[in-house]
Amino acid sequence: MLKQCTLNKAISVTGIGLHSGKKVSVNFKPAPKNTGLVYRRTDLEPNVEFKCTADAVRDTQLCTALVNDAGVRISTIEHLQAALFALGIDNLFIEVNAPEVPIMDGSAYPFVYLLSQVGVKQLSAPKQFIKVTKPVRVEDGEKWAMVEPSSKGLQMDLTIDFKHPAMDPDKQHISIDFSGQLFRSDIASARTFCFLQDVEYMHAHNLALGGSLDNAVVLDDYRVLNNDGLRYEDEFVKHKLLDCIGDLYMSNKVLLGKFSAYKTGHHLNNQMIRELLAHPECYEIKTFNDEELSNVFGTPIDFIHSVAVNA
Ligand SMILES: [Zn+2]
């Protein structure tokens, strides 16, 4: 039986908030089985909790935010969500002393690195999967995202289409069979990217005050402005894939199926996961015993965990 996991022990990190530009601290604390991923705003008295669900995602303008009925939010959670998915963490308290999770370097790698330092621990409840049994597709103009059944764990196929001198048209498609190891080595470090004119506009409107070359790839009309250039030749599409992984994990369950998308973003990804969950005939909630798992994944533990697991 593949079991739910949480962190081995508590750990903290400090970084800059993308929107405020201010210092933000996060405490990651182990949580019991069946708790899920719970964000907690500790700057508010009393503290406000947000359980991570696809329905709680209510703002996808510049990032993914969870917003409660009173309009209180916790923003910029998508890269952390991708890291939690790749580390196989099902249950965790994430205490943040601000309205947003720090942007770190604009990728998921700092979270993967940090949480790997303490490792994960198995709990006694079975891990839950959403196995896609019929295709579900959502569209927005020419953009689309879909899931369909697959016998190979989580497959992902993503195409972006930017026409820009610094964005190679041959490096705007990616197709992977997801694994925790692949995520760590090939995807986690891909940074978010933006265009200089957008940065200037946002700063003029008091938005993304913490945004800089330290936490994004910035392009002017011709080139990448970061001195060190790109981390991967296809960093742009890899970052979009990272975003998709984080967005799909808002359900707090591991998707089994093939995800494909064209020019998708946070909003469409969230629409797709909501559409899937709204159609119970299109999926099954599964848990796996060891024999089933090895049939589905080959080496089951590698599918999700890229760190040592303590029983
Ligand atoms: Zn992103």
Side-chain angles (χ1 to χ4, degrees), residues 13-26 39 41 43-44 48 50 56-68 70-82 96-111 140-143 160-168 172 189-231 235-244 246-247 263-271:
V13 69
T14 300
I16 295 294
L18 174 65
H19 296 114
S20 67
K22 292 183 180 148
K23 205 161 122 176
V24 177
S25 295
V26 187
Y39 288 81
R41 287 268 308 268
D43 57 320
L44 300 173
V48 175
F50 305 78
V57 175
R58 294 194 195 155
D59 183 359
T60 49
Q61 279 293 65
L62 292 168
C63 64
T64 297
L66 304 178
V67 184
N68 72 8
V72 182
R73 64 174 45 225
I74 179 78
S75 300
T76 323
I77 66 169
E78 61 270 27
H79 305 156
L80 174 57
Q81 287 288 122
V96 190
N97 69 346
E100 56 183 331
V101 169
I103 186 68
M104 309 311 288
D105 69 349
S107 80
Y109 192 78
F111 295 124
D140 175 12
E142 59 170 356
K143 305 172 186 179
I160 55 175
D161 185 15
F162 287 93
K163 295 184 176 45
H164 185 284
M167 298 171 102
D168 185 342
Q172 301 201 31
S189 299
R191 291 160 297 173
T192 192
F193 56 93
C194 58
F195 299 95
L196 189 60
Q197 68 262 31
D198 299 333
V199 176
E200 286 165 350
Y201 174 87
M202 287 190 287
H203 284 182
H205 291 78
N206 259 356
L207 295 166
L209 298 176
S212 76
L213 292 169
D214 292 334
N215 50 41
V217 177
V218 183
L219 301 113
D220 68 8
D221 288 343
Y222 307 101
R223 64 192 180 96
V224 169
L225 299 180
N226 305 61
N227 281 336
D228 294 339
L230 297 179
R231 291 177 173 176
E235 186 166 4
F236 305 112
V237 73
K238 281 185 170 167
H239 184 78
K240 289 291 184 185
L241 189 78
L242 188 164
D243 279 341
C244 291
D247 289 337
K263 295 176 78 166
T264 190
H266 298 307
H267 178 71
L268 204 55
N269 292 339
N270 185 244
Q271 292 298 111

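Residue numbers start at 1 and run along the sequence shown.
We find the OH-CD1 distance between Tyr39 and Ile77 to be 4.5 Å, quoted to the nearest 0.5 Å. In this structure, CD in Gln172 is found 6.0 Å from CE in Met167, a value given to the nearest 0.5 Å. Once rounded to the nearest 0.5 Å, the distance linking CG of Leu209 with CD1 of Ile16 reads 11.0 Å. Considering CE of Met104 and OG1 of Thr76, their distance stands at 12.5 Å, rounded to 0.5 Å. Remark: Leu268 CG to Cys244 SG distance equals 9.0 Å, nearest 0.5 Å. Expressed to the nearest 0.5 Å, how far NZ of Lys238 lies from OG of Ser107 amounts to 12.5 Å.
The shortest non-hydrogen separation linking Asp247 to His266 is OD2-ND1, 2.8 Å. Scanning all heavy atoms of the two residues, the minimum distance from Ala70 to Asn68 falls at N-OD1, 2.9 Å. Taking each heavy atom of Val24 and Glu100 in turn, the nearest pair found is CG1-O, 3.3 Å. Residues Ser189 and Arg231 come closest through the heavy atom pair O-NH1, 2.8 Å. Among all heavy-atom pairs drawn from Leu44 and Val72, the shortest one is CD1-CG1, 3.6 Å. Shortest non-hydrogen contact noted between Arg191 and Gly229 is NH2-O, 3.1 Å.
Within the 4.5 Å cutoff, the side chain of Lys240 has no heavy atoms near those of the Thr264 side chain. Contact annotation: the side chain of Phe50 approaches that of Arg41 to within less than 4.5 Å [non-hydrogen atoms, C-beta and beyond]. Within the 4.5 Å cutoff, the side chain of Glu78 has no heavy atoms near those of the Asn269 side chain. In this structure the side chain of Asn270 never reaches within 4.5 angstrom of the side chain of Thr64, judged on heavy atoms. At a threshold of 4.5 Å between non-hydrogen side-chain atoms, the residues Asp140 and Gln271 do not count as touching. The side-chain heavy atoms of Val101 and Phe111, taken from C-beta on, include a pair separated by under 4.5 Å. The side-chain heavy atoms of Phe193 and Leu230, taken from C-beta on, include no pair separated by under 4.5 Å. Side chains of Leu219 and Phe236 form a contact here, defined as non-hydrogen atoms less than 4.5 Å apart.
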**Request:** Step by step, work out the side-chain contact (heavy atoms from CB on, under 4.5 Å) result for Thr192 and His79.
**Result:** CA-CA 9 Å; Thr192 192; His79 305 156; 4.3 Å; yes

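Classified by interplanar angle (parallel below 30°, tilted 30° to 60°, perpendicular above 60°), the ring pair Phe162/Phe195 is tilted.
The number of heavy atoms from other shown groups lying within 6.0 Å of NZ (Lys143) does not exceed 12.
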Could you list the donor-acceptor pairs under 3.5 angstrom formed between side-chain atoms of residues 197-206 and any protein atom two or more places apart in sequence or on another chain?
| residue | atom | partner | partner atom | Å |
| --- | --- | --- | --- | --- |
| His203 | NE2 | Ala208 | O | 2.9 |
| His205 | ND1 | Tyr201 | O | 2.8 |

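Formation of a donor-acceptor pair under 3.5 Å by the Asp220 side chain with backbone atoms of Tyr222 is found in this model. A donor-acceptor pair is defined here as one N or O able to donate and one able to accept, closer than 3.5 Å; no such pair exists between the side chain of Arg73 and the backbone of Ala65.
Using modelled atom types and a 3.5 Å distance limit, the side chains of His164 and Asp221 yield no donor-acceptor pair.
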